[in-house]
Amino acid sequence: MTREEIIKPENLVYRRTPVLTDNIMHYCPGCGHGTIHRLIAEVIEEMGIQDKTIGISPVGCSVLAYNYFDVDFVEAAHGRAPACGTAIKRLNPDKYVFTYQGDGDLAAIGTAETIHACNRGENITMIFVNNAIYGMTGGQMAPTTLLGMKTATCPYGRTVEANGYPLKITELIAQLPGTYYVTRQAVFTPAHVRKCKKAIRQAFENQNLKKGVSFVEVVSNCNSNWKMTATKANQWLEENMLPFYPLGDLKTPEK
Amino acid sequence: MAFQGTLVIDTEKCKGCGVCVETCPNKVIALSKKVNKKGYNYLEMVKEEACIGCANCAVICPDGVIEVYRAKY
Ligand SMILES: Cc1ncc(C[n+]2csc(CCOP(=O)(O)OP(=O)(O)O)c2C)c(N)n1
Ligand code: SF4
Ligand code: SF4
Ligand code: SF4
Ligand SMILES: [Mg+2]
């Protein structure tokens, strides 16, 4: 079969979703932020909610997320995305509202906003990208940094004595009565990507039920600040991040 | 029944990260020795006839660079 015979509309199995803009993302090569953006955009396309979705971008590498989604967006102050999301959803209850936040944003400076939005049971979707580091500012230790992991601010590795324990904020908010669906996913293999997309779709669909926060943590990479190639970073993630941040649902409507 | 697949690669958007290369079950794709305008060694097909159109490569690509087609024969 020739290339021309195969490349026909009826044979298309995958294409870049038009819910992403044509802009080239500024993320480092192989960064999970791009993959996670794509999944959210694909879910928005498949649900047919492009004109009914409002995103809130954080401070962190994904601060410019609004340049990449062809949907309405607000840029929140560092850590305040859940507070913005609360206001936007309460004023526009018929819109699908999602926050997109890194671990420094959601689990350090924004801890109060995260916990209280989750405890109030705001009817929003929260996407939490955990790469165990402050990516944007040059690789400082985050609350989620693993014990022993080297960063710019713990160059000999994180220790309990000096830095305390890594924070499993997802386990923490799963305990709160205001969260309806809490899951931890990843995007380092095609199988994980496909599964993660289903979870994101679930988290968006749940907004129709008005039962509280749907929260998707995505364990992701930061190859630049982990100082590895993209493929090595994905391997490191599997070997080091997943034992401490195990994948799967923490809270489902049935559980 | 079998499938023949092929890709349309937006080489100017590719960042040459290589994460797609190892998801391919048939070693169809590799990074080129040539670079795009941004200086990245972009993705190319090196064994096009072995592509089954599984879309693994497209699904992992952070930059949505790959379009996949698949025909039955
Ligand atoms: C009020 C305020 N404090 C500190 C900063 C500096 N700052 C920018 S991004 C960031 C952390 C980003 O880390 P994370 O949320 O994990 O996002 P990533 O870049 O890793 O995706 C910090 C501390 C800021 N911009 N504003
Ligand atoms: S610094 Fe890290 S998190 Fe930020 S774009 Fe680069 S790889 Fe991604
Ligand atoms: S579609 Fe599947 S077989 Fe074809 S290049 Fe991509 S990963 Fe390989
Ligand atoms: S995953 Fe995407 S950006 Fe990376 S090398 Fe493959 S096609 Fe290029
Ligand atoms: Mg981070």
Side-chain angles (χ1 to χ4, degrees), chain A residues 1-42 45 61 68 186-197 220-221 223-224 228-235 237, chain B residues 1-26 28-32 35-73:
Chain A
M1 242 190 247
T2 66
R3 208 171 142 76
E4 288 63 40
E5 286 170 315
I6 306 169
I7 301 179
K8 289 181 181 158
E10 64 269 28
N11 293 335
L12 181 71
V13 284
Y14 188 93
R15 60 116 170 73
R16 184 184 163 97
T17 168
V19 174
L20 287 178
T21 63
D22 267 343
N23 297 330
I24 295 180
M25 296 193 253
H26 70 284
Y27 302 116
C28 306
C31 175
H33 274 305
T35 320
I36 301 161
H37 283 23
R38 230 190 54 225
L39 295 186
I40 296 170
E42 287 174 7
E45 182 190 7
C61 279
Y68 308 131
V187 291
F188 66 101
T189 71
H192 288 95
V193 172
R194 291 183 170 105
K195 222 169 148 214
C196 183
K197 181 169 164 184
S220 190
N221 59 16
N223 48 76
S224 286
M228 297 171 197
T229 62
T231 33
K232 190 88 207 353
N234 284 345
Q235 219 179 318
L237 179 156
Chain B
M1 192 173 63
F3 291 105
Q4 175 64 54
T6 197
L7 312 179
V8 177
I9 302 167
D10 187 348
T11 52
E12 283 307 316
K13 277 206 177 75
C14 174
K15 295 177 183 163
C17 69
V19 297
C20 56
V21 173
E22 33 206 282
T23 67
C24 179
N26 291 342
V28 173
I29 44 181
L31 297 182
S32 175
V35 294
N36 62 18
K37 285 201 196 89
K38 294 223 165 190
Y40 293 123
N41 296 94
Y42 54 81
L43 187 75
E44 61 183 12
M45 297 184 91
V46 290
K47 223 166 63 174
E48 186 162 3
E49 66 290 352
C51 176
I52 52 168
C54 68
N56 270 0
C57 54
V59 159
I60 198 83
C61 174
D63 290 274
V65 166
I66 304 170
E67 202 165 274
V68 185
Y69 292 85
R70 182 177 62 184
K72 282 186 201 140
Y73 66 91

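These values consider heavy atoms only, across backbone and side chains, with no hydrogens, waters or symmetry-generated copies. Predicted model, so just to flag it, every value in this text is computed and none were measured. Letters go in sequence order (proteins before strands), and every chain restarts at 1.
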Decide yes or no for [X] and [Y]: does some side-chain heavy atom of the first lie under 4.5 Å from some side-chain heavy atom of the second?
X	Y	answer
A:Y27	B:P62	no
B:Y69	A:L12	yes
A:Q235	B:E22	no
A:E45	A:P18	yes
A:V187	A:K197	no
B:V65	B:L43	no
A:K232	A:N223	no
A:M228	A:N221	no

Please report the C-alpha distance between B:F3 and B:K72 in whole Å, then the side-chain angles of each, then the deciding distance to 0.1 Å, and finally whether the side-chain contact (heavy atoms from CB on, under 4.5 Å) criterion is met.
CA-CA 5 Å; B:F3 291 105; B:K72 282 186 201 140; 3.3 Å; yes

Which one wins on heavy-atom pair count under 4.5 Å against chain B: A:E10, A:R15, A:E42, A:R3?
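Heavy-atom pairs under 4.5 Å are most numerous for A:R3.
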
Most contacts with chain B, counted as non-hydrogen pairs under 4.5 angstrom, among A:G34, A:P190, A:P9
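Answer, by heavy-atom pair count under 4.5 Å with chain B: A:P190.
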
[X] versus chain B, the contacting section by heavy-atom distance below 4.5 Å:
X	answer
A:K8	backbone
A:R38	side chain
A:Y68	neither

Just checking heavy atoms, which of residues 52-59 of chain B are less than 4.5 Å from chain A?
B:G53, B:C54, B:A55, B:N56, B:A58, B:V59

What residues of residues 9-18 of chain B sit under 4.5 Å from chain A when you count only heavy atoms?
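Against chain A, the residues of residues 9-18 of chain B that fall inside the cut-off (heavy atoms, under 4.5 Å) are B:E12, B:K13, B:K15, B:C17, B:G18.
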
Report yes or no: does B:N36 contribute a side-chain atom to a donor-acceptor pair with the main-chain N or O of B:Y42 at less than 3.5 Å?
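No, B:N36 side chain to B:Y42 backbone: no donor-acceptor pair under 3.5 Å.
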
Just by distance, do the side chain of A:R16 and the backbone of A:T21 share a donor-acceptor pair under 3.5 Å?
yes

Counting only non-hydrogen atoms closer than 4.5 Å, does B:V8 touch chain A with its backbone (N, CA, C, O), its side chain (CB onward), both, or neither?
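Contact with chain A involves both backbone and side-chain atoms of B:V8.
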
Spacing of A:L39 atom CG and A:R194 atom CZ [to the nearest 0.5 Å]
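So the CG of A:L39 and the CZ of A:R194 are separated by 11.0 Å.
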
